[in-house]
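Structure, as structure tokens:
Heads up: numbering here begins at 1 and tracks the sequence. Predicted, not measured: the structure shown is a model, and the values here were computed from it.
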Amino acid sequence: MDPPGHTVYRRLLIPEFTVRQVKEMRPGIQEDVDRLIDDMLKQGSSADLVEAFALAVPSLTICRMLGLPEAGGDFFRDRMNTMIAVGSSSTQEAVTAAAEVWEYLDVLVTKAEREPGDNLVGRLVTAAQESEEISHDALVGMTIQLLVAGHETTANMISLGVLTLLRNPGHLAALRDDPAGWPTAVEELLRYLSIVDWVGFDRVATEDVEIGGQVVRAGEGLFVLGASANRDARVFDRPDDLDLRRGARNHMAFGYGVHQCLGQNLVRAELEIAYRTLFERIPGLRVVGADDDLPFKYAGAIFGVRELPVAW
């Protein structure tokens, strides 16, 4: 959406993702991460990191935010994978999964409209009732958007980030020696991996404009590739190199402008806590097999890996 309609929805959500709000969420995220690692260690000396850890971290976080029961995490992970799994799900399967998610959240929002709880959905319902600008269906749609946006992207960043660090042991050793470097390392991993290329940059020209020597006519569409921007040598020195001390906070992994990712503060916290805790608690973590054998999501809208076998 464009303003002013877009502004109405975004204004409701901004207070939920401030630096202060995310800081208050960090202990809960840490608790979830530690519990997931405990479960991995109890199961033996190997695991699929995607299923056992990467998918579960953001799922538990967003379920807590929305006021969903923890058991709902498995339901949503399954349906979300079906909805966005390009090439591995049929159109009908994706439509059915989306309908099931809508039905579940429709009931959740309806309950919150009768008795708002102290969670994100409850606060959205209260704000919507006060403003009278947001319909019931719009609230359900916003909740689905939060689930999708806060689930697949973060999960893929966790697994790919772990793979990248394990394939660069010198960088990982430096972080183990200086854990204060994790926030900066997270920014570089976001830039370097750029798992979502389109990042909300799609635009339509409202008048003729020249960009880089190319005339774009009014009414023509523009699709800017965020991954290419993140490898721009005019902005980043040696852009194809991984430099965890780069301080690449000006990357485009979260988009730019009016549609920039609302949840970026939350994502940064999840990634920092997940990476740091995983490598602290399982120092012998290693990938099993060669990279060429890993099932990467080359056909998906969001790049990642479907499985990441690890051992320790």
Practice prompt. Please check if atom CD in E210 has more than 12 non-hydrogen atoms from other residues, nucleotides or ligands closer than 6.0 Å.
Written response: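 Counting other residues, nucleotides and ligands, CD of E210 exceeds 12 neighbours.
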Item to complete: Flag yes if more than 12 heavy atoms outside E103 fall under 6.0 Å of its CD atom; otherwise flag no.
Response: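 Atom CD in E103 is not crowded, with 12 or fewer foreign heavy atoms closer than 6.0 Å.
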Tell me whether [Y] is reachable from [X] by hopping between hydrophobic residues (I, L, V, M, F, W, Y) whose side-chain heavy atoms are closer than 4.5 Å.
X	Y	value
I14	M142	yes
V204	V209	no
V288	L285	no
I302	L266	yes
F236	L193	no

So, the side chain of [X] versus the backbone of [Y]: is there a donor-acceptor pair under 3.5 Å, distance only?
X	Y	result
S59	L55	no
H171	D243	no
E207	A218	no
T18	Q21	yes
N156	E152	yes
W312	G44	yes
D32	V57	no
E220	R217	yes

Practice prompt. Show your reasoning for whether side-chain contact (heavy atoms from CB on, under 4.5 Å) applies to L13 and L124.
Written response: CA-CA 8 Å; L13 290 169; L124 286 179; 3.8 Å; yes
Using the salt bridge (charged side-chain N to carboxylate O under 4.0 Å, His left out) criterion, which residues pair with [X]? Sequence neighbours excluded.
X	value
E100	R79
R234	D232
R123	E16, D118

Rounded to the nearest 0.5 Å, how far does [atom2] of [Y] lie from [atom1] of [X]?
X	Y	atom1	atom2	answer
F223	L225	CZ	CG	10.0 Å
I282	T277	CD1	OG1	10.5 Å
W102	I144	CH2	CD1	5.5 Å
R231	S194	CZ	OG	6.5 Å

Within-4.5 Å side-chain heavy-atom neighbours: [X] and [Y]:
X	Y	value
I158	L271	yes
K297	V305	no
L166	R286	no
W182	I273	no
V19	V22	no
R281	D34	yes

Do [X] and [Y] have side-chain atoms, one donor and one acceptor, less than 3.5 Å apart?
X	Y	result
Q260	R10	no
Q43	D39	no
Q92	T96	yes

Item to complete: Could you walk me through whether Y192 and L244 pass side-chain contact (heavy atoms from CB on, under 4.5 Å), step by step?
Response: CA-CA 10 Å; Y192 185 76; L244 298 183; over 6 Å; no
Worksheet item: Is E188 paired with R191 through a side-chain N to carboxylate O contact shorter than 4.0 Å?
Response: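 Judged by the 4.0 Å cut-off on N to carboxylate O distance, R191 and E188 do form a salt bridge.
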Worksheet item: So among L165, T164, L163, which one has a side-chain contact (heavy atoms from CB on, under 4.5 Å) with R167?
Response: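 Option passing the side-chain contact (heavy atoms from CB on, under 4.5 Å) with R167: L163.
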Excluding sequence neighbours, so at least two apart, what forms ring pair (Phe, Tyr, Trp, His ring centres under 6.0 Å) with [X]?
X	value
F303	F296, Y298
H136	none
H251	F254

Nearest heavy-atom neighbours spanning [X] and [Y]:
X	Y	result
G304	L160	CA-CD1, 3.7 Å
R203	Y256	NH2-O, 4.0 Å
T184	G247	CG2-N, 3.6 Å
Y275	V162	CE2-N, 3.9 Å
L60	R35	CD1-NH2, 4.3 Å
L12	A127	CD2-CB, 3.2 Å

Item to complete: I would like to know whether L189 and L242 meet side-chain contact (heavy atoms from CB on, under 4.5 Å); could you show each step before the answer?
Response: CA-CA 8 Å; L189 288 168; L242 180 70; 4.2 Å; yes
Side chains of residues 45-52: which donor-acceptor partners sit under 3.5 Å, not counting sequence neighbours?
unit_1 : atom_1 : unit_2 : atom_2 : d
D48    : OD1    : V50    : N      : 3.1
D48    : OD1    : L308   : N      : 2.9

[X]: side chain to side chain contact (heavy atoms under 4.5 Å, CB included) partners, not counting sequence neighbours:
X	answer
R176	L172, F279, P283
S135	D137, A138
N119	V121
R11	T7

Worksheet entry | side-chain contact (heavy atoms from CB on, under 4.5 Å) between L222 and I211, worked out | CA-CA 11 Å; L222 288 170; I211 302 176; 4.0 Å; yes
Worksheet item: Apart from V107 itself, what residues make up its hydrophobic cluster when side-chain heavy atoms of I, L, V, M, F, W and Y under 4.5 Å apart count as a link, directly or indirectly?
Response: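 Hydrophobic cluster check, V107: no partners found.
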Worksheet item: Hey, which of R246, R245, R268 is the one that makes salt bridge (Lys or Arg N to Asp or Glu O under 4.0 Å) with E187?
Response: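 Result for salt bridge (Lys or Arg N to Asp or Glu O under 4.0 Å) with E187: R268.
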Worksheet item: Does the salt bridge (Lys or Arg N to Asp or Glu O under 4.0 Å) test come out yes or no for R26 and E272, once each step is laid out?
Response: CA-CA 10 Å; R26 289 179 70 96; E272 179 195 336; 3.2 Å; yes
